[in-house]
Amino acid sequence: MIINHPLLGPRDASEFVYLGDACLMNRPAWVGERIEGEDANDAKTAEALQQYHDYVHLRQNNAGEHKELWYHEQGDRSWLVVTRNTITHEIYNVELAKDVALANKTARASQGGKK
Amino acid sequence: MRNSGFRYTGFRYSGFKVIKEALTGHKGWKPVWRTPEPKKEYDIIIIGGGGHGLATAHYLASRYNITNVAVLEKGWIGGGNVGRNTTIIRSNYLHPENQPFYELSMKLWEGLEQDLNYNAMVSQRGVLNLSHSDSQNDAYVRRGNSMIMSGADAQLLDQEGVRELYPFLDFDNARFPIKGGLLQKRGGTVRHDAVAWGYARGADSRGVDIIQNCEVTGFLIKDGKCTGVKTNKGDIGAKKVASCVAGSSSRVMSQAGMNLPIESHVLQAFVSEGLKPIIDGVITFGAGHFYISQSDKGGLVFGGDLDMYNSYAQRGNLPVVEDVCEIGMAILPAIGRAKLLRNWGGVMDMSMDGSPFIDRTHIKGLYFNGGWCYGGFKATPASGFCYAHLLATDTPHEVAKGFRLDRFQTGNVIDENGRGAQPNTH
């Protein structure tokens, strides 16, 4: 597989290390952070624990289009979000994970603003 | 009388029959299982006609007298991972949740051919794990003791012991010298296709319907209870539905709205051209993933690491081919003269702790068996046996009670390698 690095151009996949589903970028608040505060209660703690369990251990594991994290270890050490087909190995899109994270943050902020 | 319910649809195999057929142009062989249309309803539907699904059906029928069972297979039976593995059997695990299970599997392998009256070519030729450092020797002492405590056999070899077995290994390799090994003599290889066929024949002859080209496209779930499946051959009702489709577990279970603690990865395997006998057992590299044996046809059968990225393609990429061949050369330089004949890939359920699942789900009547990582073949008999036990009695079998879906929530992970929730490293 050839990964078309946004900064460095086409690079062989063997230069990269694979981490997994890009949902790993969306870490829920750690339980310790959430149960603090005045409105903390057991139900909220249980929900937070469940969310954290799901985040760490459960995967959609899509057959088809899959957004995933690759680390350019033998290159510029950037993290990339690669959109790839898990059935054909075809790569549709490669972005810097930093850009994706910033876009997610902006999207969350604007959603929060609407409320 | 364990076999009192056994009715042979065709014939028993015998030497006489082989000679008769040889002389009459092999025109008298009959199919060894039927091709039935699905009934409206079954007691139990097993999704997946691979080794584990067919074994489950066989043990349900033969040990628990439950024969109103259908095995639904999307393609043809034995066309998935049971036909794509490197055929190794062993019971050399460490953890108490794993080792007794795999030892039960080994005992079932030892009696398999008599149980099925089918030649599966079970060959206990020995599995040798090489050790490359003093600390690895120490770890093998611990593992060997764990194996012996579960009733399995284990033998620690020093360098001379390994040299006696395989004098042609590269003992003085600069990076990974061979210091010794852990030998399980009862381990070995089995003719993988014959396992699927033997179990299919055993189940079919007791009345189990094996329905091929029947893809499950959804579950019939009402009020939190599973009452059957939707298929390309219409809806089929069932009191219990048992998924058994390792490699595609996430795809099938997503139809019941479940996300699993599993990623699908591709693992490649290789066969060389046929050679004269050189390796009479199974040898595994201790400092990475590599394992090799020689088939009865003479081909060297070997494999190595995953390709490391999520994949449902039954083929891998070249960097891993190179990696596997490099490891092969490091322990067995003579392999460099052999030509590679074929390589292929199989899709693995890689679980979050490297161990499997045989469990109920939160949906009543829906059961799950999967997450076998790349150790599914050796587990086939015990997986079928324990899954049949769970389906028949609704209680987990004693040696499989650790294989729960909720173990990441309860903290009871079974992580042989201590890698954490990173499926491609197990």
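Here is the naming used below: chain letters follow the sequence lines, and residue numbers restart at 1 for every chain.
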Participant: Drop me the distance from B:Leu260's CG to A:Arg59's CZ, to the nearest 0.5 angstrom.
Facilitator: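 The CG atom of B:Leu260 sits 12.0 Å away from the CZ atom of A:Arg59.
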
Participant: Heavy-atom distance under 4.5 Å between the side chains of B:Tyr309 and A:His66, does that happen here?
Facilitator: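 The answer is no, as the side chains (C-beta and beyond) never meet within the 4.5 Å cut-off.
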
Participant: Might you point out which heavy atoms bring B:Arg251 and A:Ile87 nearest each other, and give the distance in Å?
Facilitator: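 Here B:Arg251 and A:Ile87 meet closest at NH2-CD1, 4.1 Å.
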
Participant: Answer yes or no: does atom CD of B:Gln409 have more than 12 heavy-atom neighbours from other residues, nucleotides or ligands under 6.0 Å?
Facilitator: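 Buried by this count: over 12 neighbours within 6.0 Å.
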
Participant: Given the options B:Ile262, B:Asp323, B:Asn310, B:Val266, which has more heavy-atom pairs under 4.5 Å with chain A than any of the others?
Facilitator: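 The residue among B:Ile262, B:Asp323, B:Asn310, B:Val266 with the greatest pair count is B:Asn310.
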
Participant: Taking all non-hydrogen atoms of both residues into account, name the closest pair between A:Leu19 and B:Gln422 and its distance.
Facilitator: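 In this case the closest contact between A:Leu19 and B:Gln422 is O-NE2, 2.7 Å.
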
Participant: Of the non-hydrogen atoms in B:Arg315 and A:Thr88, which two are nearest, and what is the gap between them?
Facilitator: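 For B:Arg315 and A:Thr88, the tightest heavy-atom pair comes out as NH2-O, 3.1 Å.
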
Participant: Does the side chain of A:Val56 reach to within under 4.5 Å of the side chain of B:Phe408, using non-hydrogen atoms?
Facilitator: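 The answer is no, as the side chains (C-beta and beyond) never meet within the 4.5 Å cut-off.
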
Participant: Where on A:Asp54 is there a heavy atom nearer than 4.5 Å to chain B: the side chain, the backbone, both, or neither?
Facilitator: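 Neither part.
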
Participant: Measuring from A:His57:NE2 to B:Asp406:CG, what's the distance to the nearest 0.5 Å?
Facilitator: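 Nearest 0.5 Å value for the NE2-CG distance: 12.0 Å.
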
Participant: Against chain A, work out which of B:Pro423, B:Pro319, B:Ser351, B:Ser264 has the most heavy-atom pairs shorter than 4.5 Å and name it.
Facilitator: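 Most pairs with chain A among the choices: B:Ser264.
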
Participant: Please give me the minimum heavy-atom distance between B:Pro261 and A:Leu58, naming the atom from each residue.
Facilitator: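 That closest heavy-atom pairing would be N-CD2, 3.6 Å.
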
Participant: Look up atom CE in A:Met1 and atom OG in B:Ser311, then write down how far apart they are to the nearest 0.5 Å.
Facilitator: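 Rounded to the nearest 0.5 Å, the CE-OG separation comes out at 8.0 Å.
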
Participant: Is it true that, when you exclude A:Lys98 itself, more than 12 heavy atoms of the residues, nucleotides or ligands shown sit nearer than 6.0 Å to its NZ?
Facilitator: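 Open.
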
Participant: For B:Lys233, does the NZ atom have more than 12 heavy-atom neighbours from other residues, nucleotides or ligands under 6.0 Å away?
Facilitator: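 Count over threshold, so yes.
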
Participant: So which atom in B:Glu263 and which in A:Gly20 form the shortest heavy-atom distance, rounded to 0.1 Å?
Facilitator: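 That closest heavy-atom pairing would be OE2-CA, 4.3 Å.
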
Participant: What distance separates A:Asn61 CG from B:Tyr312 OH, expressed to the nearest 0.5 Å?
Facilitator: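 The distance works out to 3.5 Å.
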
